[in-house]
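One is the number of the first residue; the rest follow in order along the sequence. Just so it is clear, the structure is predicted and the values come from calculations on it, not from any experiment.
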Amino acid sequence: MTNESNASELPESVPTKISETISYIEQQFADCHDLTIKQWSFGPELKYSACSIFLDTMSVGYDQTYMKSTVEDLSPILAGTDSNLTPEKIAEFLDSDGISRHTPRILTSMEQIVFHLTDGNVIILIEGWEHAVSYQTASVQTRAVSEPTMEPVVFGPHNSTIEDLKTNIGLLRSLIRTPKLKFKSFLAGAKSRREIVYGYLSDAVNVEDLKLFEERIKKVKEHEILETTYLEEWVEESIYSPFPQVRYTERPDVATAALLRGKIIALVQGSPTIMICPGLFVEYFTTSEDYYQRTLFSSMIRWLRFIAFMFALTLPSLYIALTTFHAELIPTVLLLAILDTREKIPFPAFVEALLMEFFFELLREAGIRLPRPIGSAVSIVGALVIGQAAIQANIASPIMVIVVALTGIASFAMPQYNMAIALRILRFPLMMLAATLGGFGLMIGYFLIFLHMSKLKSLSQPYLLLLEPLETRRLFRDVLLRSPLKVLLKRSSSNRRTN
């Protein structure tokens, strides 16, 4: 019998006979070895029946005193022979929200019972009562809060989010202690029933952004969402754009700073990743440590990242255009050195660059997918061996190996991994344009990229918002340069007061 047919047989209300309820649950959880059903008795001469139902793989350390603590409020004799302890009295007590050490939840349908079981709760059934009691006992093992692996810092907090949603929200609540921090949740998927939560600061968020976000995020309810990154395609404006329109973080301080700036965050149960939107272009060049370092150093590092962005995007294509079409622009001594190293190379510069970029991307992926202890060693050794062997075999010139290596190192300097992926995608079309049209092809490529970015939006915000002429003050306050913190904090406080 399939799960679908079992689901159709579920009655709407809870049967008054425990045996019928148990039969329905056993049908729903057929072939589930972790389903545990414990029957017990209470009342005078132990003549009244009850049972506890739970999944022992989720209710780790289940303590059978849940119902006993409830009964303690009614009778000093726990599950004994007290003549006043009857199913009717317990039902009346629970229906009236009687006070107990463990706050129960009353369930009125079989669908609720099935859902609460899969959520890791303990279900209590009492003979003759058309309701059930649910106690929250889920204790699935999760890792402890530890140091972030994707965003390490020298200064600043060293804690990261984990796979437990309540822990992550608690970390954010501990950093922003105001009732204006709102969190809304809903369940997605008919099978996974994954809880999705999004949050914002009510006095800082852009109302138009929030409305647009809610319209898009609610469309995922019918889909099986397993990770926070699944939400990206529903939230972003252009699915096929190489540029990311949302940011990701595992650092509570980064999410807190985003909330204070009016951003919207989203979290998914079972994922340590926090999604931040809208994501603007210049925000992919900043890190949390920019605000933990001195102003001059942070400003210099930001300029270094912008230069790394241009290197990672254009260095191979610029080399191809210069050596193929515009050799007169290269200084004579350097040109002679390049020609000397390329004398025995049988391929044009484009094919040479394409081969080396392919090998580099292959090594990069191998280093990521291999086990951590050997991944970095394979990447480094592979790069050295392949580079040296390519030079000795006259497949690539030394200058091309240097160009590809510098391009790869520049892409590693991007704080956000999804922006580095965009550079890896755009690099190859620019190489083709440079190989066919030279510098003119590069200009066409730059123009098309800029035109696409100028039309792109993240929620209701233009992607290049902070680079607009009207944003000149902000451009030199916290984009190209990082002003002193007392200036930034004063400005942000005045903005919140204005809102």
Side-chain angles (χ1 to χ4, degrees), residues 148 150-151 153 156 198-201 204-206 208-210 212-213 228-229 231-232 235-238 241-266 273-293 295 298-310 312-313 411 413-423 426 449-450 452-468 470-483 485 488-489 491-492 495:
M150 298 299 293
E151 300 169 277
V153 295
Y198 62 94
Y200 56 91
L201 271 176
V205 70
N206 184 289
E208 186 178 353
D209 283 344
L210 180 59
L212 189 58
F213 176 85
T228 307
T229 53
L231 305 176
E232 181 174 356
V235 173
E236 63 186 359
E237 181 77 18
S238 175
S241 172
F243 292 100
Q245 294 133 63
V246 298
R247 291 188 292 146
Y248 296 104
T249 185
E250 292 181 355
R251 297 183 57 86
D253 59 328
V254 173
T256 299
L259 287 167
L260 292 172
R261 291 188 175 190
K263 304 292 184 179
I264 305 167
I265 66 170
T273 307
I274 299 176
M275 185 178 74
I276 302 172
C277 56
L280 306 182
F281 176 69
V282 296
E283 294 174 344
Y284 292 89
F285 297 88
T286 62
T287 66
S288 60
E289 201 169 12
D290 289 350
Y291 303 95
Y292 304 147
Q293 302 277 10
T295 300
S298 298
S299 300
M300 182 189 72
I301 293 299
R302 284 195 182 177
W303 275 99
L304 188 63
R305 294 190 193 115
F306 282 113
I307 294 172
F309 173 84
M310 295 305 300
L313 180 64
S411 67
M414 293 291 100
Q416 289 285 324
Y417 181 69
N418 46 4
M419 180 57 76
I421 293 176
L423 298 179
L426 293 172
I449 291 173
F450 182 76
H452 169 70
M453 294 172 67
S454 63
K455 294 177 61 178
L456 191 62
K457 284 188 176 182
S458 181
L459 294 182
S460 66
Q461 304 294 323
Y463 199 57
L464 299 178
L465 175 65
L466 300 182
L467 297 180
E468 294 179 354
L470 296 177
E471 295 285 343
T472 305
R473 288 187 177 181
R474 192 170 177 181
L475 187 65
F476 288 97
R477 189 175 68 246
D478 195 22
V479 177
L480 299 178
L481 301 175
R482 203 224 78 186
S483 300
L485 283 177
L488 292 177
L489 295 177
R491 182 72 178 181
S492 61
N495 289 339

Checklist entry - More than 12 non-hydrogen atoms from neighbouring residues, nucleotides or ligands closer than 6.0 Å to CE on M150, yes or no? => result no

Checklist entry - Closest approach of P244 and A422, non-hydrogen atoms and distance? => result CD-CB, 4.2 Å

Next on the checklist: Using every non-hydrogen atom in the two residues, find where A266 and L231 come nearest and quote the distance to one decimal.
Outcome noted: CB-CD1, 4.0 Å

Checklist entry - For the residue pair D290 and S298, what are the closest heavy atoms and their distance? => result O-OG, 2.6 Å

Checklist entry - What distance separates T273 OG1 from E232 CD, expressed to the nearest 0.5 Å? => result 11.5 Å

Checklist entry - Will you find, in the side chains of E151 and T287, an N or O donor that is under 3.5 Å from an N or O acceptor? => result no

Next on the checklist: Taking I276's backbone N and O only, do any of them form a donor-acceptor pair with R247's side chain (distance below 3.5 Å, no angle check)?
Outcome noted: no

Checklist entry - Going through the distances and angles, do Y463 and E237 end up as a side-chain contact (heavy atoms from CB on, under 4.5 Å)? => result CA-CA 10 Å; Y463 199 57; E237 181 77 18; over 6 Å; no

Checklist entry - In Å, rounded to the nearest 0.5 Å, how long is the span from OH of Y284 to CZ of F243? => result 10.5 Å

Next on the checklist: Would you say that L260 contacts L201 through its side chain, given a criterion of any heavy-atom pair below 4.5 Å between the two side chains?
Outcome noted: yes

Item to check | Y291 OH to L485 CG distance, which is reported to the nearest 0.5 Å | outcome: 9.0 Å

Item to check | Between CZ on residue R305 and CD1 on residue I307, distance to nearest 0.5 Å | outcome: 12.0 Å

Checklist entry - Taking the inter-plane angle between the rings of F285 and F281 on a 0 to 90° scale, is it parallel (under 30°), tilted (30 to 60°) or perpendicular (over 60°)? => result perpendicular

Next on the checklist: Is there a side-chain contact between L481 and W303 in this structure, where contact means two heavy atoms from C-beta onward sitting under 4.5 Å apart?
Outcome noted: yes

Item to check | Considering all heavy atoms, the nearest S411-A312 contact | outcome: N-CB, 3.8 Å

Item to check | Heavy-atom closest contact (Y248 atom, T229 atom, distance) | outcome: OH-CA, 3.6 Å

Checklist entry - Taking only residues two or more places apart in sequence, or in another chain, which ones meet R251 in a salt bridge (charged side-chain N to carboxylate O under 4.0 Å, His left out)? => result D253

Checklist entry - Hey, is OH on Y417 packed in by over 12 heavy atoms from elsewhere, all under 6.0 Å? => result yes

Next on the checklist: Just verifying a value: how many Å separate S454 OG and I449 CD1, rounded to the nearest 0.5 Å?
Outcome noted: 12.0 Å

Checklist outcome for this item: A257 meets the side-chain contact (heavy atoms from CB on, under 4.5 Å) criterion, sequence neighbours left out, with none

Checklist entry - Distance from S460 atom OG to D209 atom CG, nearest 0.5 Å? => result 3.5 Å

Checklist entry - Hey, does the side chain of S458 reach the backbone of Q245 with a donor-acceptor pair shorter than 3.5 angstrom? => result yes

Checklist entry - Looking at K263 and E283, does any basic side-chain N land under 4.0 Å from a carboxylate oxygen? => result yes

Next on the checklist: Is the shortest side-chain heavy-atom distance between K455 and S238 below 4.5 Å?
Outcome noted: no

Item to check | Minimal non-hydrogen separation, Q461 against N206, with atom names | outcome: NE2-ND2, 3.6 Å

Checklist entry - Taking atom types as modelled and ignoring hydrogens, do the side chains of T295 and R482 form a donor-acceptor contact shorter than 3.5 angstrom? => result yes

